[in-house]
Each structure stands twice: as C-alpha cells, then as structure tokens.
Amino acid sequence: MSISLYELFLVLVIGQCIFLIFAIQYIPKKHTGANRAIQYLLAIYSLFLFERAMGHQFERDFLRLYGNIINTFYLFIGPLVYTYIRRLLFYKNGNYQLAYYHYLPALLYLAYCFYHIYIYHSIKDSNSYFITLLFWNDVIFFVFISAYLFKSNRLLNYYKKNEEQELSFNQTIIKYIKIMLICLLVYMIFWLLGIVERFVIKLPVDIRMIWDISCLIFGIQIYIVGFYNLKHPEVFKIRFPLNKENESKRKNTLDEKEINKIKNLIDTFLEEKKGYCRPELSLSILANEINTTTNKLSWVLNNIYKKTFYELVNEYRVEYFLQRIKENDHKEFTVVSIAFDVGFNSKSTFYKVFKEITNFTPTEYIRKVENLQR
C-alpha cells in the first residue's frame, strides 16, 4: 500500500483532528455544550479526510455499495455548525438543540442508503444510475449546508449587532467564528465548482484538484478550531431573545422612582466604585451588582442614558485614561498598561474606542497635552 505526500498530509491532519476531539475535554472554563458540538464536527471532518486519503484503497464495488452511508454524516454539518455557534455565543443556550426535523434529511438519506444496498445488484443501467445519484447527492448536500451557513451568518450578525448592548469589550470569538464560516463558504464554492465541472461543463480546474483544495480547507478549519479553543477558552455570552422576552422588553416601562433608583445605583457603581475598571464587566454583572434585572438595566441605558452599555462604560474608561495622562502617569507607565488599568481588555479595543471618542490617537493626545503643559 503506497501513500503519496498529500495523503500523508491528510493523515497528519486527521491525527490533529482526533487529538483536538480529546483535548477539548480538558479546556479550563470550557463550554461543555458548545464543545460537544465542535467535537462532533471534528469527527465528521476527520471522516471526510479519511475517505479522501484512503478511499482509493477500497474496491470500487465496495465504495459504490456502502460509500453513501458516509455521506449521511455530511448532512449533519449544517445543523451542527449552527448549534455550535448558538451554544457558544448566547447564555441559556449551552444545551440548545435544534428541533428533530432539522435532522430528518440525514435520517431519510440513511434510509435511502439501505434501500440502495438492497437494490444494488438488480440495477441494470448502473452508469446512468450512479451519475444521477452523484448529481442529486451533490445538489442536496450543497443546498442543505449552504442554508445553514446563511442561517449561522445571520446568527453571528445578530450577535455583533447586540454585543454592545451587553458587553463593555470586544472579543476575539467573533473573528474566530467569522473565519470558520468563511472557510465553510469557500468550501461550498469549491463544492459548487465540482458540481459544474462534473455535470455541466468542463472547467480548466480538474475535479481531483477541486477535491484536494476542499480537503485543504477542512484542514485549515481544523487548525483554526484548535488554536482558538485552546488559546481562548473563555467566551462572554449575551442573551438570545425569545419572542416572549422581546414582548416584555417592548412593554417594559419603569416608573420614575425605579428609574431614578437604578440610575443612582449605576452612577455610584461607575463613578464612586470605578466599576468600569473591571475588564470583564458586562450587563449581567452590573445588573447583579446593583440588584436589578438585565431587562430593566438595559431599558434605563437605552431610554435614559441614550447609550449602549459598551458606549457608557468605555466613555468612563477613556475619561479616566485622560485623567491619568494629565497627571503624567504616561511618563512612568506605558500607554497600554494604563489602558488595561482603566478597564480595557485589549490594545485594539482601546485604540478604536479612544479614537472614536476623542478624534485623536493616544500618542496624538499625549503630544497635545505635553505641548499645553509647556
């Protein structure tokens, strides 16, 4: 049995995939529900890569007879990607499950696989049958996975849009999921090219090269999953609003006494206690600190302060940073260390927020202060 360098590479990626399946179990502060979904995905990816690396070692009749059973697992990719993102980004969704009908196509396809095995030896025009089978396999898988890719992207966009309502910082998790979805999108584009090349018109790119590139994309995605899950295990979640929660938010108007009480508690926490210096500060943490609900707190921020949670907290942080600069702290400490002291959790977030609020970069502002002091 001879193995090419490319096939050896795929085997190494499969080994990495299997390692991650077990390693994710031991991540500190792990998100059990989300990690379980990504483990299932990694298992499917490794199966796909194994088929590509070692499939030629099996007899053609064996693959034609039983190969479709492996294809069943590909119909789980879309629902699992969506489930993974939903569990990872939204609290109270740690054990979120899609309704059973999302998995019906996979079960129906599996039933067809057994029917295919039953009628295999009675097929008369096998070439025509398998061409038709391959075409509908590719089209069904492409449409099904693409639908969940679109659905997952909408979920990520919702998170990005509402993150500022609940968190006072930006997370690398958005970049991670975006790259993960882009990898899947590129994979689906190559899948579509494969359909066109095989069944519509011959392309300059050979079908085998398309498959090889698709496998490389899976390999890249596996390394991305490994890097982010092992380096950034902690994820700060936001709420996923159900219809009932949305209705309660629209109806939720507070009386003046409660508004003033919540506002005073917010001001005390931020101004006297300097609670904004906590890098992990979120809407739920603040609500717990002032003994109110996240819905009431969110209502006060949106309707009284006219700001998102992200805007309010980071304005306090920038203001404190400016105070530290006027006191010449930058001559003793670095700009980034002062930024972390006032509550920012990353250099990129600090520079972005500072520029938005002051219209200066930190360096430009410090130079301006020093010129005035002279």
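Along the sequence shown, residues are numbered consecutively beginning with 1.
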Going by side-chain contact (heavy atoms from CB on, under 4.5 Å), S298 matches just one of T293, N303, L283. Which one?
L283
Which atoms form the tightest heavy-atom contact between F340 and N345, and what is the distance?
CE2-C, 3.9 Å
Nearest 0.5 Å, what's the CG-NZ distance between L156 and K151?
14.5 Å
Whether Y316 and Y276 hold their rings parallel, tilted or perpendicular, with breakpoints at 30° and 60°
parallel
Can you check whether G194's main-chain N or O pairs, donor with acceptor, with E197's side chain at less than 3.5 Å?
no
Lys NZ or Arg CZ of R86 over Y96 ring: under 6.0 Å, within 45°
yes
Going through the distances and angles, do E163 and Y310 end up as a side-chain contact (heavy atoms from CB on, under 4.5 Å)?
CA-CA 8 Å; E163 185 184 33; Y310 179 90; over 6 Å; no
Could I get the full list of side chain to side chain donor-acceptor pair (under 3.5 Å) partners for D329, not counting sequence neighbours?
R324
Taking only residues two or more places apart in sequence, or in another chain, which ones meet K175 in a side chain to side chain donor-acceptor pair (under 3.5 Å)?
none
Value rounded to 0.5 Å, distance of NZ in K160 from CD1 in I177:
10.5 Å
With sequence neighbours left out, the residues meeting ring pair (Phe, Tyr, Trp, His ring centres under 6.0 Å) with F62 are F58, Y66
Distance in Å, Y40 OH paired with F73 CZ, rounded so as to fall on 0.5 Å steps
12.0 Å
Testing the 3.5 Å rule here: is there a donor-acceptor pair between the side chains of Y109 and N137?
yes
Parallel, tilted or perpendicular: which one describes the rings of Y129 and H116, with boundaries at 30° and 60°?
parallel
Check for me whether R317 meets the cation-pi criterion with F344, that is, NZ or CZ under 6.0 Å from the six-membered ring centre and within 45 degrees of the ring axis.
yes
Nearest 0.5 Å, what's the CG-OG distance between L80 and S152?
10.5 Å
